[in-house]
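Numbers for residues simply follow the sequence, beginning at 1. Whatever order the structure lists ligands and atoms in, that order sets their numbers, starting from 1.
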Amino acid sequence: MLFTIHDLIQLFPNTKGNIVNSTTIQSVSTDSRKKMVDALFVPIIGENFDGHDYLAEAISHGAIAALWDNETEIPASIPNGFPLLLVDDTIKALQQLSQYYRRKINPLVIGITGSNGKTTTKDLVGQILKTTFKTHVTKGNFNNHIGLPLTVLSMPRDTEMLVLEMGMNHAGEMTLLANIAEPDVAIITNIGESHIEYLGSRENIAKAKLEILSGLKKNGLLIIDGDEPLLSRNFISYQKIGIGTTEKADVLLKDIKLTNKGTTFTINDQTYQIPLYGIHHAKNASFAIVLGEHLNLDEHMIKKALQQPHMTDMRFEMLKGINGVTLINDAYNASPTSMKASIDVINQLQGYKEKVLVLGDMFELGTEKEEWHRSIAHVIDEEINALFTIGDYAHMIADEVNKQGKQISCYQVKSINTFLKQIRPYVHKDALILFKASRGMRLEDWMEKLLLDK
Ligand SMILES: CC(=O)N[C@H]1[C@@H](OP(=O)(O)OP(=O)(O)OC[C@H]2O[C@@H](n3ccc(=O)[nH]c3=O)[C@H](O)[C@@H]2O)O[C@H](CO)[C@@H](O)[C@@H]1O[C@H](C)C(=O)N[C@@H](C)C(=O)N[C@H](CCC(=O)N[C@@H](CCC[C@@H](N)C(=O)O)C(=O)O)C(=O)O
Ligand SMILES: Nc1ncnc2c1ncn2[C@@H]1O[C@H](COP(=O)(O)OP(=O)(O)OP(=O)(O)O)[C@@H](O)[C@H]1O
Ligand SMILES: C[C@@H](N)C(=O)N[C@H](C)C(=O)O
């Protein structure tokens, strides 16, 4: 049970229908299309639909009460006496309800933000905490003004640790999330260029990420990228731990080595092996390790948890394709920092006769999008045999590669059929192919054509 109707009317006293105080709500849903159990349905007015139009379906799928926008007509077809709680704005009410529930259950809350690595770090933190605590973790990428409240409201009542991914793409959004989450621990993974179109500069991105402090408990734990100058300031009200590879860091990440099974590294005199590739993933894992140590978790349990983590897909996900080719599905999203980090790994990976990059456009980069795309060329080594580019801007990466005189075969791809013909010679057991682009490019559709069981 989450709460009773009685709890709800303390927050939302304006009601319609038969209000039975002892009625217990087991779940909260914003989607009538999904089955629910003894749920509070929260209709949201969205870009494509108005959830208020689907109350009947929600009831048929298990809703026993609903919030209702008090400007929206109540359908005559509503079952007699069905309990409605009238509110000014259902999204704001959802957020208010989630803050109430967060305070009621009062787990230790870990909020994770940053330009890149939130989902990865969230998965790793959850894996480590689950060794010892009843832990509830954001599912997938549910990290915004709707996703975070739904994550809080899906938390079982006996939750001890709540791990929340906190995303933003405009100033002010992190303040809202931080005041719902009220984290005891805040992790800022890095400051990159993601969503710079809306923030204007990396300085403003850093400022927006630091809004998480508006909800962080006084003397709470702040774990940050210790190599990031935009985060190097005094945080007098918090216990700050900067993790990095430079002497500036409070905790030094050392001996980082890429292997064909992942990455090994040393931190606080302990050596770790993770099945994730690259310095950036060593850093993400280090955020989780330092948190585990702060909570006095056993080193061996931390190491074991990191050896077989359950990771969200499409983040540098290694797969086998036709003819035994190795495919890397890194197609969930892309920014210059994450695309360069992934290419840097490809440059270094051993054991392949041919290495191929399939790169698509990166979105939300603002007025300097051309320069940002061109900057990718600088990290493409001549280790790479072929570069396929897809989209209006990605071809500038190839143009820059050619300008630098690098001996790399470049293909500007216009259609999936052309692509499949051109990439065919590279689809063999000794080849490695990386797919990376922004979400809107849906590059996984291209990669899936090369999978065995497509
Ligand atoms: C509101 C919602 O959840 N919409 C989801 C829905 O979209 P759809 O187009 O179908 O519906 P509408 O939004 O128009 O509908 C309004 C509501 O009506 C419901 N409904 C509709 C039809 C029906 O028959 N019955 C109904 O009840 C409907 O459920 C709505 O509640 O479905 C889509 C497909 O599954 C979803 O993609 C869509 O989800 C939206 C995008 C959403 O915001 N979902 C959150 C739960 C979430 O956290 N999504 C994350 C992505 C978050 C993200 O991109 N984060 C950014 C940073 C934050 C940016 C912030 N400013 C922002 O605007 O998000 C990042 O970079 O990480 C996810 O999906 O992974
Ligand atoms: N610390 C990091 N620095 C640079 N790139 C990273 C880092 N961590 C992960 N990445 C890369 O960024 C991409 C997205 O990873 P992930 O989904 O974990 O980030 P995210 O911050 O959750 O993204 P989103 O903002 O979409 O939620 C992947 O390509 C991943 O390899
Ligand atoms: C979809 C959202 N989480 C995101 O990452 N957007 C950027 C622009 C991307 O798709 O690369």
Side-chain angles (χ1 to χ4, degrees), residues 29-34 36 41-58 61 63 66 90-91 94 112-124 138-151 165-174 176-177 188-198 208-209 225 227-228 243 276-287 311-317 328-345 360-365 434-443:
S29 172
T30 58
D31 195 341
S32 71
R33 297 164 289 197
K34 293 179 181 153
M36 49 193 102
F41 177 56
V42 180
I44 287 173
I45 301 169
E47 282 174 22
N48 304 308
F49 302 98
D50 179 348
H52 291 84
D53 296 337
Y54 304 94
L55 177 60
E57 183 183 47
H61 280 165
T90 53
I91 293 179
L94 177 73
I112 303 171
T113 192
S115 295
N116 313 101
K118 296 184 291 295
T119 301
T120 302
T121 303
K122 170 262 294 182
D123 290 339
L124 295 168
T138 294
K139 284 186 178 56
N141 202 59
F142 264 36
N143 66 19
N144 71 5
H145 58 299
I146 296 168
L148 182 137
L150 287 174
T151 301
E165 179 173 335
M166 301 169 73
M168 67 92 205
N169 63 9
H170 286 83
E173 292 181 351
M174 194 52 63
L176 169 74
L177 299 182
I188 305 179
T189 59
N190 79 330
I191 303 299
E193 315 79 16
S194 304
H195 316 303
I196 198 166
E197 180 159 347
Y198 306 125
K209 298 296 181 187
D225 173 0
D227 297 329
E228 175 50 66
I243 298 171
L276 306 176
Y277 296 85
I279 294 176
H280 54 298
H281 284 123
K283 244 184 194 179
N284 294 340
S286 298
F287 298 135
M311 305 306 291
T312 304
D313 61 3
M314 296 176 57
R315 278 80 171 172
F316 212 89
E317 187 185 4
I328 296 181
N329 179 355
D330 199 11
Y332 175 71
N333 68 5
S335 65
T337 292
S338 67
M339 191 172 269
K340 290 173 182 174
S342 295
I343 292 169
D344 191 40
V345 172
D361 285 359
M362 297 178 284
F363 297 156
E364 299 183 25
L365 293 177
L434 169 74
F435 288 80
K436 190 160 192 63
S438 272
R439 180 86 312 265
M441 293 295 288
R442 291 193 56 83
L443 213 52

> Could an N or O of ligand 1 be found under 3.5 Å from any N or O of Glu47, whether backbone or side chain?
Replying inline: yes

> For atom 14 (C) of ligand 2, which candidate among Asn116, Thr138, Asn333, Thr121 provides the closest heavy atom?
Replying inline: Asn333

> Which atom names give the shortest non-hydrogen contact between Asp225 and Thr189, and what distance separates them?
Replying inline: CB-O, 3.3 Å

> Taking both backbone and side-chain atoms of Arg315, is any N or O found less than 3.5 Å from an N or O belonging to ligand 2?
Replying inline: yes

> Between His195 and ligand 3, does any nitrogen or oxygen pair lie at a separation below 3.5 Å?
Replying inline: no

>> Only heavy atoms of Gly51, strictly under 4.0 Å: list the atoms of ligand 1 that pass.
In response: 18 (O)

>> Between ligand 3 and Asn333, is the shortest N or O to N or O distance under 3.5 Å?
In response: yes

>> Looking at non-hydrogen atoms alone, which of Met174, Arg33, Met168 comes nearest to atom 57 (C) of ligand 1?
In response: Met168

> Looking only at heavy atoms of His281, does any of them come nearer than 4.0 Å to an atom of ligand 2?
Replying inline: yes

> In terms of residue, atom name and distance, what is the protein heavy atom nearest to atom 69 (O) of ligand 1?
Replying inline: Phe142 CE1, 4.2 Å

> Purely on distance, is any nitrogen or oxygen of Ala334 under 3.5 Å from one on ligand 3?
Replying inline: yes

> How close does the nearest protein non-hydrogen atom get to atom 68 (C) of ligand 1, and which residue and atom is it?
Replying inline: Asn141 O, 4.0 Å

> For ligand 1, which atoms sit closer than 4.0 Å to a heavy atom of Thr30?
Replying inline: 19 (C), 27 (O), 28 (C), 29 (O), 30 (C), 31 (O)

>> I want to confirm something. Looking only at heavy atoms, which of Met339, Met311, Lys118, His280 is nearest to atom 10 (N) of ligand 2?
In response: His280

> Do you see a protein non-hydrogen atom under 4.0 Å from atom 39 (O) of ligand 1?
Replying inline: no

>> I need the atoms of ligand 3 closer than 4.0 Å to a non-hydrogen atom of Asn141, numbered in the order shown.
In response: 3 (N)

> Less than 4.0 Å between a side-chain N and a carboxylate O, is that true for Arg315 and Asp123?
Replying inline: no

> For atom 16 (C) of ligand 1, what is the nearest protein heavy atom, given as residue, atom name and distance?
Replying inline: Ile44 O, 3.2 Å

> Counting only heavy atoms on the protein side, is anything nearer than 4.0 Å to atom 14 (O) of ligand 1?
Replying inline: yes

>> Strictly less than 4.0 Å: does any protein heavy-atom distance to atom 4 (N) of ligand 1 fall in that range?
In response: no

> Who's closest to atom 19 (O) of ligand 2 heavy-atom-wise, of Gly167, Ser438, Gly278, Gly117?
Replying inline: Gly117

> Between Glu364 and ligand 3, does any nitrogen or oxygen pair lie at a separation below 3.5 Å?
Replying inline: no

>> Does ligand 1 come near enough to Asn48 that some N or O of the ligand is less than 3.5 Å from an N or O of the residue?
In response: yes

> What's the shortest distance from atom 63 (O) of ligand 1 to any protein heavy atom, and which residue and atom give it?
Replying inline: His145 CE1, 4.0 Å

>> Does ligand 1 come near enough to Asp50 that some N or O of the ligand is less than 3.5 Å from an N or O of the residue?
In response: no

>> Suppose I only count heavy atoms of Lys436 and a 4.0 Å limit; which atoms of ligand 2 are within that range?
In response: 28 (C), 29 (O)

> Does Glu165 come within less than 4.0 angstrom of ligand 2, counting non-hydrogen atoms of the residue?
Replying inline: yes

> Would Glu165 count as a contact of ligand 1 if the rule is a heavy atom under 4.0 Å away?
Replying inline: no

> Does an N or O from Asn284, backbone or side chain, lie closer than 3.5 Å to an N or O of ligand 2?
Replying inline: yes

> Which atoms from ligand 1 have a heavy atom of Gly167 less than 4.0 Å away?
Replying inline: 57 (C), 58 (C)

> For ligand 1, which atoms sit closer than 4.0 Å to a heavy atom of Ser32?
Replying inline: 23 (C), 24 (O), 25 (N), 26 (C), 27 (O)

> Which residue and non-hydrogen atom of the protein lie closest to atom 1 (C) of ligand 1, and at what distance in Å?
Replying inline: Ile146 CD1, 3.7 Å

>> If you apply the rule side chain to side chain donor-acceptor pair (under 3.5 Å), what do you find for Thr337 with Glu193, and how did you get there?
In response: CA-CA 7 Å; Thr337 292; Glu193 315 79 16; 2.5 Å; yes

>> I'd like to know if the side chain of Lys436 reaches the main chain of Asn333, judged simply by a donor and an acceptor atom lying under 3.5 Å from each other, with no hydrogens or angles considered.
In response: yes

> Going by distance only, is there an N or O of Phe49 that falls short of 3.5 Å from an N or O of ligand 1?
Replying inline: yes

>> Side chain, backbone, both or neither: which applies to His195 and ligand 1 if a contact is any heavy-atom pair less than 4.0 Å apart?
In response: side chain

> Within 4.0 Å of atom 34 (C) of ligand 1 (strictly less), any protein heavy atom?
Replying inline: no

> Side chains of Leu276 and Leu124: does their closest heavy-atom pair fall under 4.5 Å?
Replying inline: yes

> What protein heavy atom sits nearest atom 45 (C) of ligand 1, and how far away is it?
Replying inline: Asn144 OD1, 3.5 Å

> What is the nearest protein non-hydrogen atom to atom 65 (C) of ligand 1, stated with its residue, atom name and distance?
Replying inline: Asn143 ND2, 3.9 Å

>> Using a 4.0 Å cutoff against the non-hydrogen atoms of Asp31, which atoms of ligand 1 qualify?
In response: 25 (N), 26 (C), 27 (O), 29 (O)

